[in-house]
Amino acid sequence: MNSYINLNSTGKWFLGLILFSIVIVYSGCQKEEEATPSETVYLVDFEKLNNYSAPFIRVLLGSMNSVYPGIDTLVSDVEYGVDLYKITYKTKYKGVEVVASGLVSLPASGESFPILSFQNGTNTFKLNAPSINPSDPLYTLLELMASHGYVVCIPDYLGFGSNSDL
């Protein structure tokens, strides 16, 4: 007994769509090569400044409610401890490569997380750059948001931090 599939124009279109979808899905499923520290292009250096445990973060957020009203509502969403790093990295300014700095706060977990980037407001006091004063209450609050499952980046503006001579 011979079996044949009889495809009308709708069936051919549907079959074509399925085949196209399979090709798209499988072409996007290539293993990405992971960069090793020796292959980094932009990172110059990093220094671990602090780590916070999840229980400590809950207490700290609860105590910050007088400065930031309503912040205590975030206590129940703390999932991770946090590791805080000062980094220096290469960037360009007016076409010239310079080394910039900032803070990166990571959830203490081996998982992948989305990035939250904070561009701080106008600051003219060089000693208040994020990488110079990471214990500023605002920066600390932002650093602790990594406990909610974000990689938090707080760059210094050019002319502050590692390149304050600009």
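The figures that follow rest on heavy atoms only: side chains count, while hydrogens, waters and symmetry mates do not. In this chain, residues are counted from 1 in sequence order.
Side-chain atoms of Thr88 come within 3.5 Å of backbone atoms of Asp45 as a donor-acceptor pair (strictly under, hydrogens ignored). Distance alone, capped at 3.5 Å, is enough to place a donor-acceptor pair between the Asn65 side chain and the Ile71 backbone. Counting only distance, with no hydrogens or angles, the side chain of Ser105 and the backbone of Ala146 share no donor-acceptor pair below 3.5 Å. Judged purely by atom type and a 3.5 angstrom limit, Arg58 has no side-chain atom pairing as donor or acceptor with the backbone of Ser76.
No continuous path of ILVMFWY side-chain contacts below 4.5 Å connects Ile115 to Ile154, so the two sit in separate hydrophobic clusters. Placement of Tyr85 and Leu43 within a single hydrophobic cluster is found when ILVMFWY residues are connected by side-chain heavy-atom separations under 4.5 Å, directly or transitively. Phe46 and Val151 fall within the same hydrophobic cluster, defined by Ile, Leu, Val, Met, Phe, Trp and Tyr side-chain heavy atoms under 4.5 Å apart, directly or through other members. Residues Leu84 and Val104 fall into different hydrophobic clusters, defined by Ile, Leu, Val, Met, Phe, Trp and Tyr side chains chained together at heavy-atom separations under 4.5 Å. Tyr89 and Val96 are assigned to two separate hydrophobic clusters, defined by single-linkage of ILVMFWY side chains at heavy-atom distances under 4.5 Å.
The shortest distance between side-chain heavy atoms of Gln119 and Pro155 falls below 4.5 Å. In this structure the side chain of Thr91 reaches within 4.5 angstrom of the side chain of Leu158, judged on heavy atoms.
When all heavy atoms are compared, the tightest approach of Pro137 to Met64 is O-CE, 3.6 Å. The minimum heavy-atom distance linking Leu144 with His148 is given by the pair O-ND1, 4.0 Å. Gly70 approaches Thr73 most closely through the heavy-atom pair O-OG1, 2.6 Å. Leu103 and Pro130 get closest at one heavy-atom pair: CD1-O, 3.3 Å. Looking at every heavy atom in both residues, Glu143 comes nearest to Val82 through O-CG1, 3.7 Å. When all heavy atoms of Pro134 and Thr140 are compared, the closest pair comes out as O-OG1, 3.4 Å.
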Stepwise side chain to side chain contact (heavy atoms under 4.5 Å, CB included) check, Asp83 with Asn50: CA-CA 6 Å; Asp83 294 323; Asn50 210 339; over 6 Å; no
Steps toward side chain to side chain contact (heavy atoms under 4.5 Å, CB included) verdict (Ile87, Glu47): CA-CA 6 Å; Ile87 67 164; Glu47 173 189 357; over 6 Å; no
Check against side chain to side chain contact (heavy atoms under 4.5 Å, CB included), Lys90 and Val41: CA-CA 8 Å; Lys90 297 175 192 173; Val41 177; over 6 Å; no
Verdict with reasoning, Val152 to Leu106, per side chain to side chain contact (heavy atoms under 4.5 Å, CB included): CA-CA 7 Å; Val152 179; Leu106 302 169; over 6 Å; no
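Residue Lys48 places its NZ atom among more than 12 non-hydrogen atoms of other residues, nucleotides or ligands, all under 6.0 Å distant. Environment of OH in Tyr68: crowded, with over 12 heavy atoms of neighbouring residues, nucleotides or ligands closer than 6.0 Å.
For the atom pair Leu142 CG and Cys153 SG, the distance stands at 11.5 Å (nearest 0.5 Å). Remark: Ser101 OG to Ile132 CD1 distance equals 6.5 Å, nearest 0.5 Å. Rounding to the nearest 0.5 angstrom, the gap separating the CD1 atom in Ile57 from the CG atom in Asn51 is 9.5 Å.
When the options Phe113, Tyr52, Tyr150 are evaluated for a ring pair (Phe, Tyr, Trp, His ring centres under 6.0 Å) with Tyr80, the one that passes is Phe113.
For an aromatic pair to be called close, the ring centres must be under 6.0 Å apart, and Phe118 with Tyr139 fails this.
Ser131 and Asp156 share a side-chain donor-acceptor pair at under 3.5 Å.
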